[in-house]
Amino acid sequence: MPGVNAESRALPPGQQSLLGRLAVPAGALAAVAAAFAYVGAVDPNQPGHYPACPLLRYAGLYCPGCGGLRSAHAVVHGDFAAALHDNALAVAGYLVCAVVWTAWTVQAARGRRLRLDPRPVHLWSALTLFAVFTVLRNLPLGAPLHP
């Protein structure tokens with residue numbers, strides 16, 4: 001129609017088609033699947049494919065992310081015991097992300113927005129978990145947490 005721009009013809013979020021509402025969650029899933037496919041194909045256990053962790057390289061300390069790529073590689077290949085050994089916190093993160101993505105997709109299918117409203121106690125708890133995990137994996141008693 002002459003004189004009508006595309007923005008005025010766009011439907012409100014609740015009235016979009018189901019495919020339109022699921023496009024962004026599907027795109028996010030495709031990006032994550034592509035990243036996991038790449039890590040599954042290019043073995044992080046072989047040197048030279050990925051950069052080394054700077055904290056481990058220069059200070060000799062394991063950060064909370066050390067072993068995350070090896071963990072993702074193990075998940076892609078179905079070796080969940082190795083994934084937990086390489087980085088248990090990363091495996092928990094994969095599960096949390098899967099749950100959040102599922103909730104996001106369900107809400108998008110219903111035409112609603114996903115609202116995440118973490119309270120300060122949740123954020124402080126997550127920060128404490130990361131700190132405790134980092135300290136434990138760098139102590140002699142935390143050897144099972146080394147990647």
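The figures that follow rest on heavy atoms only: side chains count, while hydrogens, waters and symmetry mates do not.
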Colleague: Applying the 4.5 Å side-chain criterion to the ILVMFWY set and letting contacts propagate, would L84 and V96 be lumped into a single cluster?
Modeller: no
Colleague: Ignoring hydrogens and angles, tell me if any N or O in the side chain of R21 forms a donor-acceptor pair with the backbone of A109 under 3.5 Å.
Modeller: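 Yes; judged by distance alone, with no hydrogens or angles, the pair exists.
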Colleague: Can you give each donor-acceptor pair under 3.5 Å made by side-chain atoms of residues 58-75, sequence neighbours left out, with the distance rounded to 0.1 Å?
Modeller:
{"from": "S71", "atom 1": "OG", "to": "A83", "atom 2": "O", "distance (Å)": "3.2"}
{"from": "H73", "atom 1": "ND1", "to": "V39", "atom 2": "O", "distance (Å)": "2.9"}

Colleague: Should L89 and L136 be counted in the same cluster of Ile, Leu, Val, Met, Phe, Trp and Tyr side chains packed under 4.5 Å apart?
Modeller: yes
Colleague: Could you give me the CA-CA distance, side-chain angles and deciding distance for V24 and W104, then say whether side chain to side chain contact (heavy atoms under 4.5 Å, CB included) is met?
Modeller: CA-CA 10 Å; V24 175; W104 178 27; 3.5 Å; yes
Colleague: Between F130 and L123, is there a shared hydrophobic cluster once you connect ILVMFWY residues whose side-chain heavy atoms come closer than 4.5 Å?
Modeller: no
Colleague: Are side-chain heavy atoms of V106 and L114 found at a separation under 4.5 Å?
Modeller: no
Colleague: Are any of the side-chain heavy atoms of N138 and L145 separated by less than 4.5 Å?
Modeller: no
Colleague: Under a single-linkage rule joining Ile, Leu, Val, Met, Phe, Trp and Tyr whose side-chain heavy atoms are separated by less than 4.5 Å, which residues share a cluster with W124?
Modeller: L127
Colleague: Indicate, with yes or no, if V135 and L141 share a hydrophobic cluster defined by side-chain heavy-atom contacts under 4.5 Å among Ile, Leu, Val, Met, Phe, Trp and Tyr.
Modeller: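 Same hydrophobic cluster.
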Colleague: With the side chain counted from C-beta on, respond yes when R137 and P147 share a heavy-atom pair under 4.5 Å apart, and no when they do not.
Modeller: yes
Colleague: If I take atom CG from residue D117 and atom NE2 from residue H122, how far apart are they, to the nearest 0.5 angstrom?
Modeller: 9.5 Å
Colleague: Would you give me the side-chain donor-acceptor pairs under 3.5 Å for residues 48-57, sequence neighbours excluded?
Modeller:
{"from": "Y50", "atom 1": "OH", "to": "V42", "atom 2": "O", "distance (Å)": "2.9"}

